[in-house]
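Just so we're on the same page: letters track the sequence lines, and every chain starts at 1. All values below were derived from every heavy atom in this structure, side-chain atoms included, with hydrogens, water molecules and symmetry-related copies excluded.
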2 protein chains.
Amino acid sequence: MHTIKDVARLAGVSPSTISKYMNGGNVREENVKAIRDAIAALDYRVNPFARSLKTQRSQSIGILLPDISAPFFGTVVTALDKTLREHGYHTLISCYSANHALERENLRYLLSTGVDGLVYIPEDLSAEEFYELTANCSVPTVQIDRVIQGVAGDAVLVNNADAVYTATAELIRRGHRRIGLISGPKFVSSAKERQVGFLRALSDHDILFDEELFFSNDHAFATGYQGCEALLSLENKPTAIVSTNHDITIGLVTAIRDMGLRIPEDLDVFGFDCKDVCTMMKPSIPVIYQPEQIIGQTAANYLIERLRGYNGQPRMTRLECSIVL
Amino acid sequence: MHTIKDVARLAGVSPSTISKYMNGGNVREENVKAIRDAIAALDYRVNPFARSLKTQRSQSIGILLPDISAPFFGTVVTALDKTLREHGYHTLISCYSANHALERENLRYLLSTGVDGLVYIPEDLSAEEFYELTANCSVPTVQIDRVIQGVAGDAVLVNNADAVYTATAELIRRGHRRIGLISGPKFVSSAKERQVGFLRALSDHDILFDEELFFSNDHAFATGYQGCEALLSLENKPTAIVSTNHDITIGLVTAIRDMGLRIPEDLDVFGFDCKDVCTMMKPSIPVIYQPEQIIGQTAANYLIERLRGYNGQPRMTRLECSIVL
DNA sequence: CTTTTATCGCGAAACGATTCGCGATAAAAC
DNA sequence: GTTTTATCGCGAATCGTTTCGCGATAAAAG
């Protein structure tokens with residue numbers, strides 16, 4: 001491997017001139033040619049470590065999220081990656097597998113690698129912990145999908161409450177009065193908002209909320225499956241169920257099929273996040289669909305503006321979900 | 001931000017002692033205490049750039065793949081990330097969106113960031129190009145899911161041919177004689193192998209292969225959808241279709257449903273990669289399922305051994321897929 | 001032809017860790 | 001009490017860039 005000095009020697013100029021050339025500075029035409037030749041001859045590439053040591057920048061963005069294998073996150077990350085890359089940043093992804101200890105550890109680790117910015121999908125971290133961990137790093141952060149209560153920073157969210165409100169209202173319009181909800185963890189802000197939309201729809205239509213019809217656990221397949229079993233073993237069963245994420249929806253539908261029930265005749269369902277699968281069904285299952293790409297793009301743009309020096313108030317976007325009937 | 005010198009001054013020892021302490025060397029008990037206190041007092045963290053400059057290691061592994069939003073890749077990457085992290089490495093993910101120019105560019109970029117190793121799911125790169133790009137980096141590489149013809153290196157693959165053979169044979173057992181195949185790009189090694197298994201099953205059962213029944217395009221939903229339309233618009237339609245990846249399967253099933261046909265009465269189907277969705281269907285769709293987690297773990301372990309200095313012949317694992325009926 | 005102005009190259013000093021060999025100290029052996 | 005042995009700390013050099021101010025050269029202005 002060759003260094004900038006080797007190139008300088010071969011090109012007959014000083015190392016600083018090479019550096020200037022590499023970073024887009026003004027260099028005399030004849031030198032440009034000599035430098036270009038020397039670089040090609042030696043197959044020189046800048047040493048990223050040395051550069052970062054001097055500049056204290058890594059041109060990389062950390063993405064901390066629960067689980068990259070969830071299609072929703074996968075698509076968001078793809079969009080993030082694409083947009084960031086277009087601006088010369090690359091992404092460093094860290095999954096904490098919805099494990100709360102790992103969430104802290106990976107955050108610490110990500111920050112310790114010297115990322116220039118952070119995109120964060122939090123699950124179980126308090127504002128104090130967040131500030132403690134990010135103290136003396138001053139890494140601009142954008143929260144996505146959910147937020148930590150009390151953290152002031154840019155955020156890109158969706159209008160969860162309205163989306164679930166619309167879904168629930170649609171089920172009510174179809175004549176349902178006993179509607180179940182299967183939801184993610186209560187301490188996750190997006191899950192909470194989805195619950196709020198559900199409750200508001202019920203009360204707006206003068207339906208009394210029955211605590212029994214609310215099933216909450218983690219964001220997994222099993223939650224959908226077991227939630228379905230639990231709700232249908234009630235004395236006073238629901239006639240429809242609203243799901244609030246991808247895996248829960250798949251689990252829910254699987255349970256229904258395993259019980260030999262038909263959708264929507266025996267039990268009506270509203271899906272979430274799995275548009276392709278829901279529209280594949282016959283008859284198709286109505287579904288709430290988040291603008292995954294736009295979420296990623298918006299977050300990336302927020303971050304890029306901060307990295308360019310924008311220093312205004314925290315901004316928050318709430319994007320609308322679409323409902324596919 | 002504080003440096004190692006600040007800590008040294010405060011603890012009353014030399015910077016080299018601090019370095020020793022940080023890296024697990026032997027340090028006298030009384031100094032350990034002083035150093036620990038000093039680090040805590042200053043909230044000192046090592047500067048990753050300076051460390052990497054000196055050691056020429058980044059403790060990070062690049063993952064280059066077509067698309068992180070595909071559930072198969074998502075799960076593989078999750079397993080990779082987990083295993084690598086347990087060994088002190090973190091992952092740097094780069095998607096090239098099945099775009100061939102981007103594949104080269106991102107490979108170049110990933111290498112330029114100084115990753116210590118590479119996990120690569122290639123699509124359209126020749127061995128010459130690969131060697132040219134990786135020359136003078138000497139980055140250990142593990143290929144996953146597919147390989148570039150002519151690249152000698154560790155690889156973790158599945159037994160694609162046998163899996164599709166078994167699936168096709170099962171359809172033949174069910175009485176089908178005209179069976180279609182919808183496949184990814186012909187130049188991708190895994191797609192090729194799947195095709196080989198398909199053809200072998202046909203010939204082993206004395207069924208003449210009809211070129212018309214073979215539809216190949218990219219690995220997308222639309223390929224499954226359009227492939228289905230194309231095959232079913234043939235004069236001599238197939239009575240069953242084998243799919244060869246997740247999105248193609250979803251597209252295929254969607255097309256079938258949109259045409260108002262029933263599975264398996266009107267058209268039998270064999271799915272790929274989407275176990276949850278296929279088993280959710282009623283009646284369930286048989287499906288080929290790859291050991292995603294094990295793929296990730298195996299690849300990570302290969303890489304870790306190389307990074308520890310193992311320098312033997314390239315190794316290749318072929319894992320068996322399971323068939324869920 | 002001289003003066004002003006702009007352009008660029010140069011050298012040296014960072015950036016913040018790790019490494020290496022030497023020397024000092026303390027414990028163990030005799 | 002002296003020698004041997006092991007343990008650890010120290011200082012200086014090094015990794016390969018970028019940056020900054022000064023000086024040199026060339027072009028433009030008078």
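As rounded to whole Å, 9 Å separates atom P of C:dG16 from atom CG of B:Asp6. To the nearest angstrom, P of D:dT7 lies 16 Å from CD of B:Glu29. The distance between atom NZ of B:Lys33 and atom C1' of D:dC8, rounded to the nearest whole Å, is 19 Å. Atoms CG (B:Asn31) and P (C:dA26) sit 13 Å apart, rounded to a whole Å.
Atom CD of A:Glu305 has more than 12 heavy atoms from other residues, nucleotides or ligands within 6.0 Å.
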- Note on the structure: Contact string for nucleotides 12-21 of chain D, one letter per nucleotide 5' to 3', B = base within protein heavy-atom range under 4.0 Å, S = sugar-phosphate only, - = neither, reads --BBBBBB--

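Of the charged side-chain nitrogens involved, none lies within less than 4.0 Å of a carboxylate oxygen, so that A:Glu29 and A:Lys33 do not count as a salt-bridged pair. By the 4.0 Å N-to-carboxylate-O rule, A:Asp154 lies close enough to A:Arg315 to be salt-bridged with it.
With 3.5 Å as the limit, one finds a donor-acceptor pair spanning the side chains of B:Asp67 and B:Ser69.
Classification of the B:Tyr109-A:His90 ring pair by plane angle, with boundaries at 30° and 60°, yields perpendicular.
Applying the 4.0 Å criterion to OP1 and OP2 of C:dC10, one finds that A:Thr17 has a side-chain N or O inside that range.
Taking the six-membered ring wherever Trp is involved, the centroid distance between the rings of A:His219 and A:Phe73 does not fall below 6.0 Å.
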